[in-house]
Structure formats: structure tokens, C-alpha cells
Amino acid sequence: MAASATGGGSLGFDLGSSDGRDATSSLAWLKLARFGAVAVASLSAMTALAWKVYNRLSALEDGREEMQGQLQRLAGELNATKSILTETLRRPILSKGEGLSSLDFKQPRSGLVSSNSISAGLGALGTRVWKLVLTGGPCAGKSTALARVKNFLQNHGFFVATVSEAATFLHNNGIHFYPKEALMFQHAVTSTQRDHETRIFRFCCAMARSENCPAVMLCDRGLQDGRSYCSEEEWMSVLKHVGLPQNEDEIRKRYDAVFHMVTAANGAEEFYTKMENGKQVRYEEPAQAIELDMKLQNAWRGHPRHYILKNKGTFEDKLKSIISLMCSLLGIPQTKKRPVKFTLKRMPTVFPAHGLDNMSRSIFEKTYIKLPPESNMDKKNEVEPLMMFVRARIQQTIGRAPAESTLGIKSFILKCTKMEGSQKIESTRNLSRREYEEYLRFADPVRMTVRQDRIQFTYENQFYEIVEYLEPRRNPPLLLLNVYVGEDTKKKLGVPDVPKFLEVDENVTESPYYSAHTLSQKPTGDSSPQKPTGDSSQTLDLLRSATV
């Protein structure tokens, strides 16, 4: 068998040689092929066995999550190795004249990125699935932060699933603390949290694999929160009871990062309240809220990415800090919240082949709400809202060309803007479909539902959003381009700074006529939106915030 030197000093073999040693060469290749076939068959059997054991364990009453995680990693690794080995063996046999020097013998990539965290999954090779926790003391702003973070990540091409707080889920279904069995409720909370996380994380991995996009599982509190309500001995008993490792470091390692929002009782006392949406939802006095907040911080202390978000500045500053940390963690370019806005001449027909990342397409339906005075649906501190709307988002594609509209993933939010003292407060929370439909009963009669088709993507580390107004209709259709510039950008963005494939007309950032709030006004005598009354900075700020 004739050997020849090839690039990089590797050894190449000429399968087409007429040397007298052809028979030896053919025999060697047959042995290699036979070895490969046996290896692939063995890997297939091992993979099947791993999944069989994994599925049997999943059927157990309490399950054994750690064993499941290990077997899931093993199956992923075996599948990845099997695929690469199969492809490697196929290439020299199908391409007879190709030498071994041209084959790709890179080290197989694991089915999971991190060997230290069961949360670091892969949907497709190189596509990360993150498990993040948002926690904090009472009245810290978690609900608004969850909705804001989810929307932000969806805009940047992530598939996002949330895990609701287990205690709230149980309360809403009639399961409460039982004094005679103090740990019984904590058993229920911990096992519920574990099961929800396991199943939702699997779905995130499947979506990331199917759509070839990054994914985030966003947890409203994590397992380690339970430590704040137990002694160390009791917590070990709870972990043992539900089949989790009796090691707090192992519990923390399940998550890639933990974001702790400090209670308003510590640093923003005037905003601490026990009421929410007209109901009493918390019973802690400010001092008790601070004490519980510190217990939660201590429970998570030791996690390498444990971020404490204190009440410095406004609540909006607190939310910006979370978004900034998320950007650093997930590798997203940091931008200002408010975009530079241009009118767009036409929808692009061709997008660049290179430099384009995290493209997604969604339909947004925004309905402005006018609650009657007697309504109890949103009475928080009894402050009259300046603006309130509900929004449905129907996500069509993630990480694919905008023409491939297939997913139809729906999510719903409520956003309310109020003035509390001299500070404008924007609160956002996720809604169920039923809650969303309930709010639609109170649609503002003088406004139309705004329906938009939005294409969002990153191009050369700059985030862009194309917005086409489907309703109210215009002829020609209204097309806008939102450009989200970096936080440290001081240069004023102009038409020449926009990429050529986006044909913009003029900068309309300061014009209130292109806000969804203005465009939603029903015509009164003519077909054009009515000019908003007054030109105060508060009115302009309100109109700009309506574009979110």
C-alpha cells in the first residue's frame, strides 16, 4: 500500500495504486470498514440501552433526576459520536480516490456543553440551552423582570420557556402549607419544581435542535430557594425525600446563572406593598421581607454566577442591569432600550449571506385597555394608569429565513404605565390565554387593535427590527426600521449609517405620529391619526414607550 505525505504532516493512502500490494490495501480497508460497522452497531446498542434505562427511570413515581441527567448526557454523547463515526467511515468508501488526509478527524463534540451542569444542553451541535433563575425577596419586581427578559430574548432569536413559581402553582390549585406536617408543603414545592424544570428543559432542547437556535429556560425561583424556609437538617431531609442529591453545591450547579432582585423594602421602601392587582399577595412586613431576602441570598451564595441587583436609582435602572448581565452572559450586543426609528421604502427581498444572526419573525397584536372605574382587574396602589395594553405575540420563526413561517408559538403580556410620585413606573407581566382574553373585554372603544409583522435580527453586531403595520391598514403599507444602537454609542445615527440592503427614507425617531399609540386612534372625520393633545415631554415619553 503506497504511502504519500500530505498537508500538515498527516499520512495519506492512494486507493487507486496499481502497486502489487493492492490486495493488502483492499484487505486493510475491508478490516477498517468491518471495524467501523461493529463500532457503530455497538454504539447503537449502547444508545438504545441508555434510553431504555432512562425511560424506565422516568416512569418511576418520584424519578431520579440526577441519574436521568447522566443517562441523557450519555445518550447525547453516544449519538453525536455515532453520527461523526458513521460520516467518517462513509466518506472514504464512497470517494475511492480520497486519502485519509482529507478526512475530518476532529474530536467529536459532546451532546452537552458542560460536564459540570445538567442545564448546559445542546439542541443542535453548538447551540446552547441555558437554565437561568430569577429570584428575590417579596415585592422585588420579579414578574415585570420575567416578562421584560423573555421579550428581550425572543427579540434576539432565542426560544424562551418559563417555569412558573412552584409554590404559586400549588396555591392556585388548592395546596397550601399544612401546620401539622410542616415539611409536607416543602416536599410538594420541591418535587413540583424539579418535575417542571425537567420536562420544560427537555422541550427547550428539542426546540433548539429542531429550529437550530439558542434556547433559555427561565425559572421563576429555583430549587435552592427552598433552603430559605427550612433549617439545614430539614432541607437535607426534603432533598432526600424527593430523590435529589443532599449536596447544596450540586443543587446550585443545575443552573447557569442566578439573578437575585432585592426586595423593595430594602432601599425602595416607598414602593413596597402587600397588594397586587387588587389582591393581597404577600403578608410580610418590611422588616420580615428584608430578613427573607437575606436568607434567599445566603441560600444561593457560592454559585459562580450569583448576581445581586440592589435598589439603586429607579426600577428601570434595576431592569437595565438585569438585561445588561443577560447580554454579557449570553453574548448579545448591549443596546439602548429606545431605538433610532426610520421609515422603510420597501421590505427587503434579499438578506446578506454573511454577518446575519439570530433572525426571528413574529406577529404582534396590541390592544389598548380602558378599565371601568369599578373594575378590580388592575388596582395596584389605586393609581390610575397613564396607559395600559395587552399584547399577543405569535412567533413564526426562530433562526430561519423570514419566509418559513411555521411555528405559531403564542405568548401574552400586560403592560401598564403609571406615575408614582415623580417617577414613571412601567410594569409588565406574563398572562395566560384566559387572562388575555378577559382583558380584551375592556378594549378601549376609541382605539383599534394594532397588528404588526416584525422581523428581528442582528447584523454585524447591530440589532435591527423591521415593523410592517398590518392593521390599521395603509396604502402603501407603513414600514418602519428600528435600529438599536449600543449603550456607549454617542454618534447620531443617520440614513447613510444604515446597511444598503435596508432602503430607508428618513429618521422619524422624534415624531410621535409613528408610535403604535398614535396609530391606534380611530379616525374622527378623516382617515389619518389624530395629533396627540399637548407636546409635553411626558406625552412624548408615553408615546415612545408604546412602541415596545
Whether [X] side chain and [Y] backbone form a donor-acceptor pair below 3.5 Å:
X: Arg227; Y: Cys230; answer: yes
X: Gln193; Y: Arg221; answer: yes
X: Lys415; Y: Arg391; answer: no
X: Asn482; Y: Pro339; answer: no
X: Thr263; Y: Asn266; answer: no
X: Thr198; Y: Arg194; answer: yes
X: Ser210; Y: Ala206; answer: no
X: Lys522; Y: Pro445; answer: yes

Mind listing the closest non-hydrogen atom pair of [X] and [Y] along with its distance?
X: Pro138; Y: Ala289; value: CD-O, 3.8 Å
X: Gln334; Y: Ser328; value: NE2-OG, 3.2 Å
X: Gln456; Y: Gln154; value: OE1-O, 4.3 Å
X: Ala516; Y: Tyr368; value: C-OH, 3.5 Å
X: Asn311; Y: Ala264; value: ND2-CA, 3.9 Å
X: Ala299; Y: Glu248; value: O-OE1, 4.5 Å

Within-4.5 Å side-chain heavy-atom neighbours: [X] and [Y]:
X: Leu153; Y: Leu330; answer: yes
X: Leu386; Y: Met419; answer: yes
X: Phe389; Y: Arg447; answer: no
X: Asn358; Y: Pro214; answer: yes
X: Pro372; Y: Phe442; answer: yes
X: Leu170; Y: Thr192; answer: yes
X: Leu329; Y: Leu132; answer: yes
X: Leu470; Y: Ile363; answer: yes

With rounding to the nearest 0.5 Å, note down the distance linking [atom1] in [X] to [atom2] in [Y].
X: Leu309; Y: Ser324; atom1: CG; atom2: OG; answer: 10.0 Å
X: Leu319; Y: Lys337; atom1: CG; atom2: NZ; answer: 7.5 Å
X: Ile322; Y: Met261; atom1: CD1; atom2: CE; answer: 4.0 Å
X: Phe177; Y: Gln186; atom1: CZ; atom2: CD; answer: 9.5 Å
X: Asn247; Y: Arg252; atom1: CG; atom2: CZ; answer: 8.5 Å
X: Ser228; Y: Trp235; atom1: OG; atom2: CH2; answer: 8.5 Å

Quick test of your reading of the model: are [X] and [Y] salt-bridged, counting only N-O distances below 4.0 Å?
X: Glu316; Y: Arg148; value: yes
X: Asp317; Y: Lys312; value: no
X: Arg434; Y: Glu437; value: no
X: Glu285; Y: Lys274; value: yes

Handout entry: side-chain contact (heavy atoms from CB on, under 4.5 Å) evaluation trace for Asp220 with Thr162
Key = CA-CA 7 Å; Asp220 185 350; Thr162 55; over 6 Å; no

Exercise for the section: Kindly assign one of parallel, tilted or perpendicular to the pair His260 and His306, based on the angle between their ring planes and the thresholds 30° and 60°. Expected result: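 Taking His306 first and then His260, their aromatic rings stand perpendicular (interplane angle over 60°).
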
Exercise for the section: Evaluate the ring planes of His187 and His241, with Trp represented by its six-membered ring, and classify them as parallel (under 30°), tilted (30 to 60°) or perpendicular (over 60°). Expected result: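 Because their plane-to-plane angle is under 30°, the rings of His187 and His241 count as parallel.
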
Exercise for the section: Test the Lys131-Tyr255 pair against the cation-pi criterion, namely NZ or CZ under 6.0 angstrom from the six-membered ring centroid and within 45° of the ring axis. Expected result: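 Verdict for Tyr255: a cation-pi partner in Lys131.
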
Practice task
Sort out for me which residue in Phe152, Phe463, Phe457 forms a ring pair (Phe, Tyr, Trp, His ring centres under 6.0 Å) with Tyr484.
Solution key: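 Passing option: Phe463.
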
Exercise for the section: Would you check, one step at a time, whether the test side-chain contact (heavy atoms from CB on, under 4.5 Å) holds for Val262 with Gln297? Expected result: CA-CA 9 Å; Val262 173; Gln297 290 187 41; 4.0 Å; yes

Exercise for the section: Begin from the C-alpha positions of Cys416 and Arg429 and carry the test side-chain contact (heavy atoms from CB on, under 4.5 Å) through to its verdict. Expected result: CA-CA 9 Å; Cys416 185; Arg429 68 182 180 92; over 6 Å; no

Problem - From CA spacing to verdict: side-chain contact (heavy atoms from CB on, under 4.5 Å), Asp256, Arg128 - result: CA-CA 11 Å; Asp256 295 294; Arg128 181 74 184 265; 2.8 Å; yes

Handout entry: Side-chain H-bond candidate by donor/acceptor type, Ser427 with Thr144, under 3.5 Å
Key =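 No, Thr144 and Ser427 have no side-chain donor paired with an acceptor closer than 3.5 Å.
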
Problem - Distance-only polar pair, side chains of Glu211 and Thr397, donor-acceptor under 3.5 Å - result: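 No.
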
